[in-house]
There are 2 protein chains.
Amino acid sequence: MMSPAAQRWARTGVAVARVTIRDVADLAGVSTATVSRALSGAKPVSPPVLEQVTRAAADLGYSGNGIASALRRSRTDTVGMVVPSIANPFFTALVESVEHALQAAGLQLFLCSSRSDPALEAQRLRSLVARQVDGIVISPAHGTASADAVAWAAGQLPLVQVDRYVGGMSSDWVGVDDDAALRLVLEHLAGRGARSAVFVSSTMTNSSTELRVAGFTTHAARLGIAVPDVLLGDYSIDWGREATGRLLAAGDLPDAVVCADDLIALGVLQTCAEAGVVVPRDVLVTGFDDIPYSALSNPPLTTVHQPQDQIAVEAVRLLSAALEDPTGIPARHALTPSLVVRASTSR
Amino acid sequence: MMSPAAQRWARTGVAVARVTIRDVADLAGVSTATVSRALSGAKPVSPPVLEQVTRAAADLGYSGNGIASALRRSRTDTVGMVVPSIANPFFTALVESVEHALQAAGLQLFLCSSRSDPALEAQRLRSLVARQVDGIVISPAHGTASADAVAWAAGQLPLVQVDRYVGGMSSDWVGVDDDAALRLVLEHLAGRGARSAVFVSSTMTNSSTELRVAGFTTHAARLGIAVPDVLLGDYSIDWGREATGRLLAAGDLPDAVVCADDLIALGVLQTCAEAGVVVPRDVLVTGFDDIPYSALSNPPLTTVHQPQDQIAVEAVRLLSAALEDPTGIPARHALTPSLVVRASTSR
DNA sequence: CACAACGAGGCAATCGATTACATGGATGGT
DNA sequence: ACCATCCATGTAATCGATTGCCTCGTTGTG
């Protein structure tokens, strides 16, 4: 049901003049300073005045002007977040965790997608800085092409990178230990008897992608696993499909296909199924991220679990610290990943 | 690579005093008014002055103060969007489409999640209004509990509802024709020989949910399909699993399980697979939304495709219109859905 | 040549809230 | 009873950009 007040609004259509602190002050018979203090609680006001003001504000439906407030306080209580894609479940999960963590700190989240385009990303960053967000959480689109814009933004306000980071600058970063993750994957595959493996990843354009390729190569070498090929495309289901098509066309499959993220792996699984290649009998497949859908694929996917809640909490902690003391020393936190073994590599 | 300027920033650490229009004016030897006009292009300035100002702004790394600008112009060029969940791929797809459509109009998106909680949703709406966004796009959490807050917000600024709408108020709305969608589903199932079907949905708390249940019931009746049960929970994979568990425990399965969204359907499919129930041989299953993962499940899911791009474009069009002329008459656009037939109801 | 018309650019008010400082009344200590 | 505190409240400056209005110089026209 709707309250009478709401009904009035609904009928009125779009607003009359917006109600300001001045109006509340006049109605309550006090100064704007007192209204401000009464509503924000910054300084104590006498009970009767508080009552007056609260009532007046409620009567007028006063909701304040955050813009004016932000201008004066030079604080927006908002942090901006820039991710390469909001369609990728890993990032949406991360966004959700970050939003949750921010809420506890009384901060709002302003979300932007860079669509993996450094130019668009730079524009988003400029826009966030112009909007005076208090800080920025970013997962950069590109390891080098994003560097200028990220470094510039980091010079304007507190900034923490998550998951990936750009080269050539120092700022806070929180992510996962990619080398350790690939070690887990390859040791598991070796244990399942794999003697050869290809890696399907994205064109090497950012830190985590590079570290995953590097980790794959070194641990494969260490374990005596042959690496017939490394295929680079982008982080998408479609690329997983295409890469699999190429492998099938090329002739005999490796013992394992290691994917740099779950979307790619889901594409791989789908194309294998279509081609009559049985996973894990004919080939082992692994992913990375542990998105919710990786448990639902056919077969369910063995993957590296990213502790995004921890990443988010830690990122917000670092950001809050930087808000308090902007001169602190940048920290880099590589969290420990874990392996989730499912049917795509067992049975 | 990083430019020298960016490197300076990166080394400097967090900003010195922020550079204002005053600094630019002083360096360029003109007034702030001229700087404003030169940079915004609001009024023409002479070529030499323009040159001076542009150079000064660049030298200082001036990026403006969007807050101050917003206060003066009472326009933020930002629209807020509130969705029940950013983990649900349907909403993320919608968000992405809306962001895309807004970009064309030169607007930024401020995204909030209500976590399907009307109280949190009301808080988000207050916050958006306080932040003076130019307009709001919302998919309300609840059909009645959200009504007050949505109506209030609609009274403050242009607002368009998407996908779902709250009862008792008139505002712009864009969504899909739920009745037509359920007609498609049930006629398809009837064609596949189904004589009984249960509906697995969310507790009836918003327009589209209600319309889907209603559509299911009427079309089932019309087609002579028995309805042994309607199970209500929430829009999640887990609820799909639990509902299936109940159906299995209750004894014999209906010919078809119709789900109110794809997440539920994915949960249903998973539990069926675990229980050795073969889809579509033993039971037909359908979803709603056509999220990307519905094509990857085991078996791939027959579902109703929502034209979210169209929904987004239309929503932004309505919003822009309301921005121009806030007194316009609310419009409701029910777009036509289509059925995507996959293996969960065929072979 | 005189005056109108115009264009560039400066001055200062303005948006709405916050807050340093000032004021005045009440309280308390000696 | 007097003076020092203290507390609630008001006054007005302030945040940074935009913009109405005015000035001044230039060009065009009768």
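Note: hydrogens, waters and symmetry copies are ignored here, and every other heavy atom, side chains too, is used.
Between B:Asp23 atom CG and D:dA17 atom P there is a gap of 9 Å when expressed in whole angstrom units. A straight line from CZ of B:Arg75 to C1' of C:dT14 spans 19 Å, rounded to a whole angstrom. Counting to the nearest Å, the C1' atom of C:dC11 and the CZ atom of B:Arg22 are 11 Å from each other. Across the protein-nucleic acid pair, A:Arg73 atom CZ and C:dT18 atom P stand 7 Å apart, rounded to whole Å. Here D:dC15 presents its C1' atom at 12 Å from CZ of B:Arg18, a figure rounded to the nearest Å. Separating the CD1 atom of A:Ile67 from the P atom of D:dT14 is a distance of 23 Å, rounded to the nearest angstrom. In this structure, the CZ atom of A:Arg37 is 20 Å from the P atom of C:dG16, given to the nearest Å. Rounded to whole angstrom, the span from the CG atom of B:Leu50 across to the P atom of C:dG9 amounts to 10 Å.
Residue A:Gly66 is classed as having no contact, given no heavy-atom separation below 4.0 Å to the nucleic acid. Note on A:Ser74: nothing from the nucleic acid sits closer than 4.0 angstrom, heavy atoms only. Residue-level contact check: A:Val30 touches the backbone only, with heavy atoms under 4.0 Å from sugar-phosphate atoms and none from bases.
Sequence order on DNA chain C of the closest nucleotides to B:Pro48 and B:Arg72 puts B:Pro48 first from the 5' end. Nearest-nucleotide mapping onto DNA chain D: of B:Ser40 and A:Lys43, the residue sitting toward the 5' end is A:Lys43.
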List every contact pair, protein side and nucleotides 5-8 of chain C side both N or O, where the distance is under 3.5 Å.
none

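Side chains of B:Gln161 and B:Ser171: a donor-acceptor N/O pair is present below 3.5 angstrom, by distance only. Side-chain contact, B:Arg164 with B:Ser146: no donor N or O sits under 3.5 Å from an acceptor N or O. If you check the side chains of B:Thr78 and A:Arg131, you find a donor sitting under 3.5 Å from an acceptor.
Using a cut-off of 4.0 Å between Lys/Arg side-chain N and Asp/Glu carboxylate O, B:Glu314 and B:Arg317 are scored as salt-bridged.
In terms of phosphate contacts, A:Tyr62 brings no side-chain nitrogen or oxygen within less than 4.0 Å of OP1 or OP2 of C:dG16. Using a 4.0 Å cut-off, no side-chain N or O of B:Thr32 falls inside it from OP1 or OP2 of D:dA17. The side chain of A:Ser36 contributes an N or O atom lying less than 4.0 Å from OP1 or OP2 of C:dT18. Using a 4.0 Å cut-off, some side-chain N or O of A:Ser69 falls inside it from OP1 or OP2 of C:dT18.
Open room surrounds CZ on B:Arg55; 12 or fewer heavy atoms of other groups in view lie less than 6.0 Å from it. Counting non-hydrogen atoms of neighbouring residues, nucleotides and ligands closer than 6.0 angstrom, the NE2 atom of B:His100 reaches no more than 12 such neighbours.
When every heavy atom of A:Ala25 is checked against every heavy atom of A:Thr32, the shortest pair comes out as CB-N, 3.8 Å.
Counting only heavy atoms from C-beta on, A:Ser31 has its side chain closest to D:dT11 among C:dG16, C:dT18, D:dT11. Taking every side-chain heavy atom of A:Asn65 into account, C:dA17 is the closest of C:dA17, D:dC15, D:dT19.
In this structure, A:Ser139 contributes its side chain and A:Val162 its backbone to a donor-acceptor pair below 3.5 Å.
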